[in-house]
J.: 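Before we start, here is the structure in question, set down as structure tokens.
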Protein chains: 2
Amino acid sequence: MGEAIGSAKEAAGNELVVAFGRFLGAANRLEHVLGRAIEEACGISHLMFEVLLILARADEAGLPMRAISREQVLTTGGVTRLIDRMEAAGLVERGANPDDRRGRMVRLTAAGEAKAVEASRVHVENIRRYFLEPLPAEHHDVFAEDLRILSRSAGDAVGRLR
Amino acid sequence: MGEAIGSAKEAAGNELVVAFGRFLGAANRLEHVLGRAIEEACGISHLMFEVLLILARADEAGLPMRAISREQVLTTGGVTRLIDRMEAAGLVERGANPDDRRGRMVRLTAAGEAKAVEASRVHVENIRRYFLEPLPAEHHDVFAEDLRILSRSAGDAVGRLR
DNA sequence: AGGAAATATCTGACTACTCAGATACTGTTG
DNA sequence: CAACAGTATCTGAGTAGTCAGATATTTCCT
């Protein structure tokens with residue numbers, strides 16, 4: 001694992017490069033495919049689904065936009081435009097932020113709540129059908145544990161990299 | 001795990017939705033951050049790096065473009081444009097495909113090989129420094145095994161979803 | 001062989017991001 | 001409290017993807 005990388009072929013075959021590449025590639029494709037499935041079934045993009053979930057966890061008053069750009073890998077400009085589209089689609093609404101007149105609060109509309117429920121059902125169904133059911137039942141726990149370990153490790157790593 | 005989802009709050013708190021969301025989010029951010037690091041250090045995008053590695057694994061003759069769109073989550077149109085930029089940057093070159101006159105072969109230039117080596121060094125260094133070194137040494141094997149299991153499971157799931 | 005269907009790539013039009021700069025506030029500090 | 005650095009959001013311009021349609025060539029079937 002500690003060899004110097006001399007040629008391009010060696011670089012491409014390096015154990016760490018290969019292992020991380022496969023892992024990240026698989027995770028990306030999974031997200032891509034699950035996102036596509038929601039998009040086709042519910043007519044909202046993957047990012048919109050994430051935002052619906054973030055807002056569903058918040059309380060009545062909603063969240064300021066910056067809270068959304070922090071949770072997603074999106075610049076503030078990107079969030080402005082994403083929320084513009086979601087507002088145009090009737091899923092969220094913007095209101096004044098009483099604590100800070102620079103900011104706006106974003107909260108779910110009734111239609112947004114309904115869409116969050118609908119999309120979650122689709123999502124859970126897809127995960128279960130294609131991801132979990134083919135595994136023998138006793139592997140579910142092990143798998144869930146793997147997910148936890150990896151998401152924590154990956155999260156820690158991101159924190160250090162920044 | 002089998003409850004019906006009734007409200008948006010329940011949807012957002014659903015165990016599967018949360019676990020997959022965290023996992024995919026962490027994997028994405030990790031890829032994003034590692035990609036950024038390569039971009040800043042080497043001046044190539046994350047996708048260009050992936051393509052350099054794919055081509056480095058191929059033999060002298062290179063690969064047809066379609067082989068690249070298959071390995072990446074990219075349409076053929078996207079590959080055309082990505083390779084356009086890489087060719088403009090001097091990293092790859094296109095040649096005729098003697099077996100199929102519709103297609104073109106893409107292969108690394110000397111500059112492309114050098115860039116693959118350079119970027120891999122940076123990548124390995126970052127993974128090691130931020131991801132592996134903070135783990136106690138005896139966890140490395142367990143971790144590598146986790147990566148293997150998860151990337152295989154995710155790959156299988158994607159196959160079933162399509 | 002002759003022609004239909006499939007495949008590889010390229011392109012025009014569109015979309016959704018990024019970055020940087022503008023605007024409008026807030027908070028801190030001398 | 002006046003100035004100034006900081007923060008939240010929005011916007012213009014640029015970039016890199018998608019999709020669908022065009023073109024050239026191959027493959028398959030009769």
Side-chain angles (χ1 to χ4, degrees), chain A residues 25 28-29 31-33 35-40 43-51 54-55 58 61-89 91-107, chain B residues 28-29 31-33 35-40 43-51 54-55 58 61-89 91-107 162:
Chain A
N28 257 349
R29 278 158 217 252
E31 178 156 50
H32 186 261
V33 172
R36 250 340 157 86
I38 287 178
E39 198 163 338
E40 270 157 35
I44 58 173
S45 73
H46 172 245
L47 283 181
M48 288 184 185
F49 178 50
E50 300 280 322
V51 170
I54 290 170
L55 291 175
L63 290 173
M65 315 256 294
R66 104 193 111 65
I68 295 167
S69 71
R70 267 185 208 137
E71 291 213 39
Q72 289 300 125
V73 182
L74 260 189
T75 62
T76 61
V79 169
T80 294
R81 283 161 169 144
L82 178 58
I83 299 296
D84 284 348
R85 292 192 298 280
M86 293 180 73
E87 197 171 19
L91 299 170
V92 301
E93 58 191 7
R94 279 190 254 227
N97 181 345
D99 299 334
D100 184 341
R101 290 194 304 176
R102 289 168 305 184
R104 331 255 314 250
M105 298 301 272
V106 187
R107 57 179 169 276
Chain B
N28 256 350
R29 278 157 216 250
E31 179 156 51
H32 185 262
V33 172
R36 247 345 155 84
I38 286 177
E39 199 162 339
E40 269 157 35
I44 59 174
S45 73
H46 172 245
L47 283 180
M48 288 184 183
F49 178 50
E50 300 280 321
V51 170
I54 290 169
L55 291 174
L63 291 173
M65 314 256 295
R66 104 194 110 65
I68 295 166
S69 70
R70 267 186 208 135
E71 292 214 37
Q72 288 300 127
V73 183
L74 258 190
T75 62
T76 62
V79 170
T80 295
R81 285 167 168 140
L82 178 59
I83 299 297
D84 284 348
R85 291 193 297 279
M86 293 179 74
E87 197 171 19
L91 298 171
V92 302
E93 58 192 6
R94 279 190 254 228
N97 180 346
D99 299 333
D100 184 342
R101 290 193 305 174
R102 290 169 304 184
R104 330 258 312 254
M105 298 299 272
V106 187
R107 58 180 169 278
R162 285 211 249 242

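Sequence lines set the chain letters: A, B, ... in the order given, protein chains first and strands last, and positions in each chain run from 1. All values reported here derive from a predicted model rather than from experimental measurement.
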J.: Please give, in whole Å, the distance from D/dT15 P to B/Met86 CE?
T.: 18 Å
J.: Shortest non-hydrogen contact from A/Arg29 to B/Arg70?
T.: NH1-O, 4.0 Å
J.: To the nearest Å, how far apart are A/Arg81 CZ and D/dA8 P?
T.: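 The answer, rounded to whole Å, is 19 Å.
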J.: If you pin B/Gly78 and A/Gly77 to their nearest nucleotides in DNA chain C, which one's is more 5'?
T.: B/Gly78
J.: Tell me: CG of B/Asp84 to C1' of D/dG17, nearest whole Å?
T.: 13 Å
J.: Taking all atoms of both residues into account, what is the closest heavy-atom pair of B/Gly103 and B/Asn97, and its distance?
T.: O-CB, 3.5 Å
J.: Can you give me the first and the last nucleotide of DNA chain C (5' to 3') that has an atom within less than 4.0 angstrom of a non-hydrogen atom in chain B?
T.: C/dA6 to C/dC19
J.: Please report the interatomic distance CD1(B/Ile38) to CZ(B/Phe49), rounded to the nearest 0.5 Å.
T.: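 Reported to 0.5 Å precision, the distance equals 4.0 Å.
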J.: May I have the distance from B/His32 (atom NE2) to D/dG17 (atom P), rounded to whole angstrom?
T.: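 Atom NE2 in B/His32 sits about 13 Å away from atom P in D/dG17.
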J.: Assess the side chains of B/His46 and B/Glu31: does a donor N or O sit below 3.5 Å from an acceptor N or O?
T.: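 Checked: B/His46/B/Glu31 side chains pair up, N/O donor to acceptor below 3.5 Å.
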J.: For a quick test of reading the model: is some side-chain N or O of B/Arg85 closer than 4.0 Å to OP1 or OP2 of D/dG17?
T.: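 Looking at the OP1 and OP2 atoms of D/dG17, one of them is under 4.0 Å from a side-chain N or O of B/Arg85.
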J.: Rounded to whole Å, how long is the line connecting atom CE of B/Met65 with atom P of D/dT23?
T.: 19 Å
J.: What are the two closest non-hydrogen atoms of B/Met65 and B/Thr80, and how far apart are they?
T.: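 The answer is CE-CA, 3.6 Å.
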J.: Just wondering, do B/Glu71 and B/Ile68 contact through their side chains at under 4.5 Å, heavy atoms?
T.: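 A side-chain contact under 4.5 Å is absent here.
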J.: Pick base, sugar-phosphate or nothing for A/Val73, based on heavy-atom distances below 4.0 Å to the nucleic acid.
T.: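 Sugar-phosphate: the residue A/Val73, judged by heavy atoms under 4.0 Å, touches backbone atoms but no base.
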J.: Select base, sugar-phosphate, or nothing to describe what A/Gly103 touches, counting heavy atoms under 4.0 Å on all strands.
T.: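 Result for A/Gly103 = sugar-phosphate.
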J.: Nearest-Å distance, CE (B/Met48) to P (D/dG17)?
T.: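 Computing the B/Met48:CE to D/dG17:P distance gives 8 Å.
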J.: Using atom CG of B/Asn97 as one end and atom P of D/dT26 as the other, report the distance to the nearest whole Å.
T.: 10 Å
J.: Does a distance-only test, which skips hydrogens and angles, find a donor-acceptor pair under 3.5 Å between the side chain of B/Arg102 and the base of D/dT26?
T.: no
J.: Rounding to an integer number of Å, can you tell me how far B/Glu50 CD sits from D/dG17 C1'?
T.: 16 Å
J.: Output the distance between atom CG (B/Leu74) and atom CZ (B/Arg81), rounded to the nearest 0.5 Å.
T.: 11.5 Å
